[in-house]
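Note that these values count all heavy atoms, side chains included, but never hydrogens, waters or copies made by symmetry.
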Amino acid sequence: MQPLRVVVAGVHGYGAVHLENVRRLQTAGLAEPVGVCDTRPPDPLAHPGLGDLEWSADLPGLIERTGAQIAVIATPIHTHAALATAALRAGAHVLLEKPPAPSVTEFERIADAVEETGLACQVGFQSLGSAAIPAARALMGSGLRGIGVAGAWERRRSYYTRAAWAGRRTLNGADVVDGAMTNPFAHGIATALAVAGADTADAIAGIDLELYRVNAIEADDTSSARLRLRDGTVVTVAVSLCADRENEPYLLLHGEQGTALLRYTTDEIEADGVRTGYPRTDLLENLLAHVRDGAELLVPLAATGAFTRFLDEVRRAPGPVAVPREFQRIEPERRVLPGISGLAAASAERLALLSELGFPGTARRPAAWPETTLRVAGREVAVYEYRGDLQATDAPRPYLHPVRTLGGAVVTETRPADHPHHFGVSVAVSDVDGVNFWGGSTYVPGRGHVTLPNHGRQRRLVLRAVEGGYAEELEWTGPGGRVLLRERRTLTARALDDAWALDVAITLTGGTTGNTVAIRSSACKGRAGAGYGGFFWRAPRHAPRLAVLTAHGDGEDTAHGSRDPWLALVSDAWSLVFVQTGVTDPWFVRVAEYPGVGPALAWSEPLSLAGDLSRAVTVVVADGRLSRERCAGLAERAR
C-alpha cells in the first residue's frame, strides 16, 4: 500500500498542526508530505525538516508538479472557496479547515466543484469525527427537544492583532465573518446541528441572532442565537470571548426523560451521573481511508450546509451592539464581562437568549447587571462562580472562589486533591431524600463510601444585584430533574475595621411537591462525627500554623460539634471568624485532615422539612493571625 501524497496550504497558523498530523500519518505509512503552499516561505526553525518539500504560492501548480492526491487547506476563511475549487480542479481531494466558506454563495461554489470533479471535500470540524455524536443521538432518541450550546473563553487583545483578518467582518471587500460563533465556537454549533441531525440548509426553519462586542473590533466577541429546526428542535447558543478565565464549552441536551451533557472538546457524555468517553477519528485519516478504500466521509461538505446557512445569517446581520462600559471590567491586556460564564450556563439550561436573561445593552436589561464579584472599599474580595461545565459527581452548585483578605491573601480552595468536590464557599448537603448535593461518594450504612449515580445540582433561576452583593433564587434538582428544594440566598460584603465581613443568608423550602423532605448527614446514617451539611467553607490546606479557636477553648476536638457563639480559623497569613446569627447549629470542623468549617443542619438526626428553613452566617475575613480577644471582638461587631 503506497502512502497518499499530501500538500498543506497555510502553515504559518493552524496549518502547522495539520503539517504535524501529516508527519504522524507518514510514520504510519499512510501519507507522504510533498509540498507546502503559502504566500511566505515556511520558517525552517519553526518547521524543521521542510527543506525537502517544495514550497510555492501557487496551489494548483504545486499539486500538478508533486502529483499530490490530497490538499489540506488551512488558510483564512475568505480564501477557502478560491483555493478549494482550484485544488479540486487540479485533481486533489480536499481537507478544508472550518468553517468551509464565509457565505452560502461561496459554499455553493465549492459544492459545484465537488460535483464537477467527483472528488471529496472533507470539512475540518474535528469534533464531528467523534463517536460521542452518534452516541448522543442514540441516548436522546426521538425525545430530543432542545440543545443549549454554552462557551466562555478568555482572550487578550493580542488575539485580535495576530492576523489582519482577526475580529473582522470583511477584509478588503471580502467576507471574513470572524466572530465568536463562526470561528472559535463554530465546533459547538456544528456539533449541536450534527446531534440534531440537521445537516442541510433547509433543516433550519428560522434563526434569531444577538451579536455584541466588548472589544474594539468589527465582529462579535459575545453572541447569542436561537435556531429553530424544521422538526421542532430548538438550538440555543450563548458564547463569549470575554470571560475572566477559560471554561470548557459544552452542549446541554434536553430530552423527554431528562438532560445530558456533551463535552465536545473532550468527547465525553455525562448522563444519569455517569461520564463516558468516546473515541475520535482524525478527519485527515478518514479522508485518506475514503480515497484509498472507499470509507464513508465523516464530514463531507454537504453535511455542513446547515452551519453555513447559520454563518450566512451572521454575515448578513447588522454589526454587533457595543456593551456599555459600566458592565465591563477593563484590564491592561483584556476586557472582561464578569458573570458571562454564568449567563452562558443559564442560557443552555433554559434554552434562552442572552437578552431574555437580562444581558446588558438590550431593552430588557435590569437596572444593574450582577457582576458576580464582591467588592469592599473598591477592592475585589470574592468571585461568585456558576459553572455549567462541572460534572455530575461534583454536585454542581454556585460557589465563592477565590475569596481574599483586603491584603490579597486567598482564603478558599476549590477542587483540592483530597476532596475534589469541595468548592470554596458553598451551600451543600450530603443527602436530601437520597440525593447527594455534597458531591463525591455517598455514605451507605454497612458499605461505607460508595460512588452512586445519585448526584443533584443547584440550578440558578434568578441572580440580581443588591446593595453589597447579590440575591439569588435556586432550585435543588435530583438526577432526573425533580425539584427537591427551592432556595432564596443572599451574599453581601461589608467593611469591618481593617477586615471585611461576608454575610450569607439562606432560606430552604421543602415539600414543594406536597411531601416532607428529609435532610441527612452521613452521621445520621451511622458515620460518627460526619455531621457536615449546609453552609461550608473550604480553606487552603497549607496555611502556616493553622489552628481553631472558640469562645470556650481551642483545638479541633473542642470546636467540633460545639454550639459556641463564634469559631475562628487562624493562621500566620490570615484569620476567619465564623458567627451564626439566629438559630445556632453545631459546628462541623476539620483542621488536621483538611481545613473546613460550617454549621451542620442535620448533625446527628435527620431534619424533616415541609416548609421554610432559614439560616444566616457571617464570616469576618482578616489579614494575619488574630488573638482570641480580637476574634471575640470582631464576632460581636459582626452580629
Side-chain angles (χ1 to χ4, degrees), residues 133 136-137 139-152 180-181 185-198 203-212 220 222-240 247-264 269-271 306-307 309-310 313-314 339-359 362-365 386-390 392 396 398 457-463 473-475 477-483:
I133 291 178
R137 290 196 200 107
L139 177 67
M140 305 309 289
S142 60
L144 181 67
R145 64 180 182 84
I147 302 175
V149 181
M181 291 189 292
F185 292 107
H187 276 95
I189 299 165
T191 303
L193 291 169
V195 171
I204 299 177
I207 300 173
D208 301 318
L209 285 177
E210 296 179 351
L211 307 179
Y212 306 96
D220 56 293
T222 301
S223 319
S224 182
R226 178 181 285 120
L227 291 74
R228 299 180 301 280
L229 306 184
R230 294 286 180 191
D231 65 0
T233 305
V234 172
V235 176
T236 61
V237 184
V239 295
S240 178
N247 296 267
E248 183 183 347
Y250 62 91
L251 275 57
L252 186 61
L253 313 179
H254 297 258
E256 292 178 354
Q257 303 303 316
T259 62
L261 202 67
L262 170 56
R263 293 176 172 86
Y264 64 86
I269 296 176
E270 183 182 320
F307 177 84
R309 157 79 194 285
F310 171 76
E313 196 81 9
V314 176
I340 191 62
S341 58
L343 282 178
S347 167
E349 286 183 354
R350 301 189 212 176
L351 297 176
L353 296 171
L354 285 175
S355 65
E356 295 166 349
L357 299 171
F359 187 76
T362 71
R364 302 188 186 188
R365 78 171 189 255
Y386 180 67
R387 295 175 55 182
D389 60 341
L390 298 179
R457 67 173 59 233
Q458 294 173 20
R459 186 166 73 92
R460 176 179 287 166
L461 301 177
V462 174
L463 180 71
E473 297 176 22
L474 300 152
E475 286 181 340
T477 63
R482 182 168 70 96
V483 178

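- A distance-only check finds no donor-acceptor pair linking the side chain of Asn247 to the backbone of Ser341 [under 3.5 Å].
- Proximity of a side-chain donor or acceptor of Glu270 to a complementary backbone N or O of Ala392 within less than 3.5 Å is detected.
- Under the 4.5 Å side-chain criterion, counting only non-hydrogen atoms from C-beta, Phe310 is in contact with Leu209.
- Between the side chain of Ser347 and the backbone N or O of Ala352 there is at least one donor-acceptor pair closer than 3.5 Å.
- Using a 4.5 Å cut-off on side-chain heavy atoms (C-beta onward), Arg228 and Ile207 make no contact.
- Nearest heavy atom pair, residue Ala225 against residue Met181, reads CB-SD, 3.9 Å.
- With hydrogens and angles ignored, the 3.5 Å screen pairs no side-chain donor or acceptor of Thr477 with any backbone N or O of Val483.
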Test side chain to side chain contact (heavy atoms under 4.5 Å, CB included) on Thr236 and Val149; report intermediate values, then the result. CA-CA 6 Å; Thr236 61; Val149 181; over 6 Å; no

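- For Arg226 and Glu356, the salt-bridge test passes: some basic side-chain N is under 4.0 Å from an acidic carboxylate O.
- Applying the side chain to side chain donor-acceptor pair (under 3.5 Å) test between Glu475 and each of Arg460, Arg482, Arg459, Arg457 identifies Arg459 as the sole match.
- Using a 4.5 Å cut-off on side-chain heavy atoms (C-beta onward), Leu351 and Arg145 make contact.
- Within the 4.5 Å cutoff, the side chain of Glu210 has no heavy atoms near those of the Asp220 side chain.
- Expressed to the nearest 0.5 Å, how far CD1 of Ile133 lies from OG1 of Thr191 amounts to 5.0 Å.
- Between Tyr212 and Phe359, the two ring planes are tilted [angle within 30° to 60°].
- To the nearest 0.5 angstrom, Ile189 atom CD1 is 8.0 Å from Ser223 atom OG.
- Checked options Leu139, Ile147, Leu251; the residue passing with Leu262 is Leu251 (criterion: side chain to side chain contact (heavy atoms under 4.5 Å, CB included)).
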Could you go through Ile204 and Glu313, starting from their C-alpha distance and side-chain angles, then the distance that decides it, and tell me whether this counts as side chain to side chain contact (heavy atoms under 4.5 Å, CB included)? CA-CA 11 Å; Ile204 299 177; Glu313 196 81 9; over 6 Å; no

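- With 3.5 Å as the limit, one finds no donor-acceptor pair spanning the side chains of Glu248 and Tyr250.
- Inter-residue side-chain proximity for Thr222 and Ile340 is flagged as met; some heavy-atom pair is nearer than 4.5 Å.
- Contact detail for Phe307 and Ala186: the closest heavy-atom pair is CZ-CB, 3.5 Å.
- His254 places no side-chain N or O within 3.5 Å of a backbone atom of Arg350 that could act as its donor or acceptor partner.
- Between the Ser224 side chain and the Leu354 main chain, a donor and an acceptor come within less than 3.5 Å of each other.
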